[in-house]
Amino acid sequence: MTEMFRDYPTLADIYRTAEQDETLAPDVRRRVLSDIRTFCRWVDVPMEAVRCHGGWFRNATKTLHHARLGVTRGRFNNVMSTVRWAVRRGCGRAEHGVEPTAIPERWKAAIAMVDGTWMKGRVAQLARFCADAAIDPNDVDASTFEALAAAKARCDRRVSADPETAVKKIRDAWNRAAAAVPAWPYPPVAKPIPARRVCVPLSPTIAAEWARFEKEEMNRRKCRRSSRDKLRSRYLLDQPSPSAPKAVDDLQPLRASTLNKLKEAVQQAFTALTKVDPCDAEHVSLPAIASPYGADILLEWLASRGIAPSERQITFCKSLKSIRRRLGLLTGADEEEFSEIIADFKEATGVQTGCMTAANRRRLAQFNDKHVLQSFILWPYRQFEDLERARRAGRPVTEAKARLAEVAVAHLILCTLPVRSQNLKTIDLKRHIIMPVKRNGPGVLYFEGHEVKNKRSIMAELSPEKMALLKIFLRHYRPVLVKDKGNSFLFGGRTNTAPLVSLSRRLPRTIRRLLGLEVTTHFYRHLMSTILLRSNPGGHRTVQGLLGHRHGSESTEYYAEFEVEYAAQELQNALSDFDQADDVKRRRRR
């Protein structure tokens, strides 16, 4: 129990207050006491250690989820609501125990102007905070909301409230009132710029150079290889030295998604040059940005912003190196300097490449429990059972239900063949799914080599159970989402012949909301590979086949770190045999 919570009452005090409260009906008192005991059992903390402080509640309940606790969402929400109600009743209006300040007349007038709308409650929250801080409505600006966020982070108001989300909603309500209420006299407040969007736009010169670079890449698609005479002249007659620029005629053409990633690295490096050396930024060009100097300045600027070092920053340097190679300017000395910069960055920050990140290790730790993994794998079948039970009962198939079925199908496909998000979104019913010959037979999911990043064709069998769910989705749920009959994508857009772009964002949010698990679309590849290795330790060649990697790729080293975990598990199994034998001897002696 920290010092900052010592002045706040405990949940045991709230429990005793509810026991002695004669104004409560017997059934209400019994439910309140039962829910308080249930909450303490969920957080695994005694009542005497639970402080009625919003910060404590946020830290204790941020990992709670009804699916992990084995209860329904309604039961979970009812228990949390009862506990919050008991805390408010036992501690007074505000959890911090301070009497509220009277709201000034100007703020009362502002609240009255939005009366009857969804904005009233949020504007009232801002009014109560500004009344405590003596802030007039005309003085509300970005600093006001920053102070409100800091106050909510210290839990000056509500129990179990997320400060960032709450302040964002209040700011949106304030700006909406300024735009929608005709007589609203106060100006809107600009939203803070996210940390990832601080890049300045490219100058006209660099933008033109980048347009020419993209055009050359598109031309490379049309003419991928040089003639045999040019190859003979280059490699047999001229004999280029290692320090000469690399030849660019034989490079593979880049995809549109890769070009976007390279452009992001250029924008980051150009912003770094503008911020660090404003004088040099006036004369900068694309070859100057895509250079070891640009990579060095970029890493320095990212460190000055306080961004934690990660593999993403190394990817930026590799992107600049790739651009320089494709411009035909990468010499042997440049390549050595790029390697030295990346090596120094790894040594100074401890960032390692070719291994699993800490975030993915944390996500994998969620599935160490077999029951959690089982509920995760079987979730699509249970979800379709609920959806079909409601549909057969005569209830209409709404868009929300169809989106839920869409996410369940995507989850089912990723558990069968963990493809990348780009391949998942562009699954075509005519090209990628081979329907079964028999009525209840298995199907096939197939991708050609030119559609996959590794340029290797991949294929997996869809069992009859999975094909049955897929057919149900196509017959009853997909028509609600895809209005255009010419759209052949499995996850199609609403009115055009394009795939659903938001699928990679919708899938993790749905899994988090329904199962309480933190996943990403790409994380399915790591999870399925780990499950395969746990069932077959040392089967790295099988993992390469599952992921579509070539033999001898870095995936062998990527998952080699789990060998220690498997060895420790085998040791634990060996020691458990001794424990069981000793247990038998103790029972015999008794």
Side-chain angles (χ1 to χ4, degrees), residues 352-382 408-424 427 432-433 442-447 449 451-467 469-470 504 507-508 511 515 517-574:
Q352 297 180 356
T353 57
C355 61
M356 189 162 292
T357 62
N360 283 332
R361 290 194 187 95
R362 185 180 67 252
R363 297 185 182 113
L364 282 176
Q366 303 173 120
F367 300 94
N368 289 339
D369 190 348
K370 294 183 179 180
H371 299 286
V372 174
L373 181 60
Q374 182 180 9
S375 63
F376 178 76
I377 298 298
L378 299 180
W379 170 74
Y381 302 95
R382 297 173 180 173
V409 170
H411 175 91
L412 199 68
I413 290 176
L414 289 176
C415 291
T416 304
L417 184 63
V419 296
R420 292 178 173 83
S421 59
Q422 184 65 25
N423 296 119
L424 177 68
I427 292 179
H432 299 138
I433 296 181
V444 175
L445 180 64
Y446 175 75
F447 291 91
E451 298 174 328
V452 184
K453 178 181 177 182
N454 305 98
K455 307 303 179 184
R456 291 188 62 186
S457 300
I458 54 178
M459 181 178 62
E461 179 184 292
L462 297 174
S463 63
E465 295 80 7
K466 297 177 181 178
M467 287 302 303
L469 296 185
L470 182 60
S504 58
L507 175 62
I511 297 298
L515 301 179
L517 299 173
E518 180 188 357
V519 298
T520 61
T521 306
H522 191 80
F523 173 73
Y524 280 82
R525 297 173 63 83
H526 303 312
L527 178 61
M528 297 301 119
S529 302
T530 306
I531 294 174
L532 187 59
L533 280 177
R534 284 176 178 173
S535 62
N536 182 23
H540 299 90
R541 185 68 181 272
T542 309
V543 172
Q544 291 177 0
L546 177 67
L547 300 179
H549 290 173
R550 297 183 182 276
H551 179 60
S553 63
E554 63 178 8
S555 62
T556 303
E557 299 179 359
Y558 194 80
Y559 294 100
E561 58 183 284
F562 292 99
E563 295 294 341
V564 178
E565 178 185 353
Y566 307 143
Q569 185 64 36
E570 292 297 329
L571 177 61
Q572 185 65 27
N573 295 336

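Values below: all heavy atoms of this structure, side chains included; hydrogens, waters and symmetry mates excluded.
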For this session: For the pair Ile433 and Leu445, evaluate side chain to side chain contact (heavy atoms under 4.5 Å, CB included) and give the outcome as yes or no after the intermediate values.
Result: CA-CA 5 Å; Ile433 296 181; Leu445 180 64; 4.0 Å; yes
For this session: Dump the intermediate steps for side chain to side chain contact (heavy atoms under 4.5 Å, CB included) on Leu507 and Tyr524, then the final yes or no.
Result: CA-CA 11 Å; Leu507 175 62; Tyr524 280 82; 3.8 Å; yes
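Note that CG of Leu378 is 9.0 Å distant from CG of Leu373, once rounded to the nearest 0.5 Å. Phe367 contributes atom CZ, which lies 7.5 Å from atom CD1 of Ile531 (distance to the nearest 0.5 angstrom). Separation of atoms CE (Met528) and NE2 (His526) is listed at 12.0 Å; rounding is to 0.5 Å. With rounding to the nearest 0.5 angstrom, the CD1 atom of Ile458 is 8.0 Å from the CZ atom of Arg420. Rounded to the nearest 0.5 angstrom, Leu527 CG and Leu414 CG are separated by 10.5 Å.
In plain terms, the two heavy atoms of Thr521 and Ser421 that are nearest each other are CG2-CB, 3.7 Å. Across Ser457 and Gly449, no two heavy atoms sit closer than the pair OG-N, 3.1 Å.
Residues Val409 and Leu470 are in side-chain contact: their nearest non-hydrogen atoms beyond the backbone lie under 4.5 Å apart. Within the 4.5 Å cutoff, side-chain heavy atoms of Ile377 are placed close to those of Cys415. Counting only heavy atoms from C-beta outward, the side chains of Gln366 and Arg362 never approach each other to under 4.5 Å.
Side-chain atoms of Arg525 come within 3.5 Å of backbone N or O of Pro418 as a donor-acceptor pair. At distances below 3.5 Å, not a single donor-acceptor pair connects side-chain atoms of Thr416 with backbone N or O atoms of Leu462. Within the 3.5 Å criterion, the main-chain N or O of Glu451 finds a donor-acceptor partner in the side chain of Asn423. His411 places a side-chain N or O within 3.5 Å of a backbone atom of Phe376 that can act as its donor or acceptor partner.
The side chain to side chain contact (heavy atoms under 4.5 Å, CB included) search around Ser463 returns Glu465, Lys466, not counting sequence neighbours. Not a single side chain to side chain donor-acceptor pair (under 3.5 Å) links Gln422 to another residue, sequence neighbours left out. Scored by the side chain to side chain contact (heavy atoms under 4.5 Å, CB included) test, Pro442 finds Glu461, Pro464 as partners (sequence neighbours excluded).
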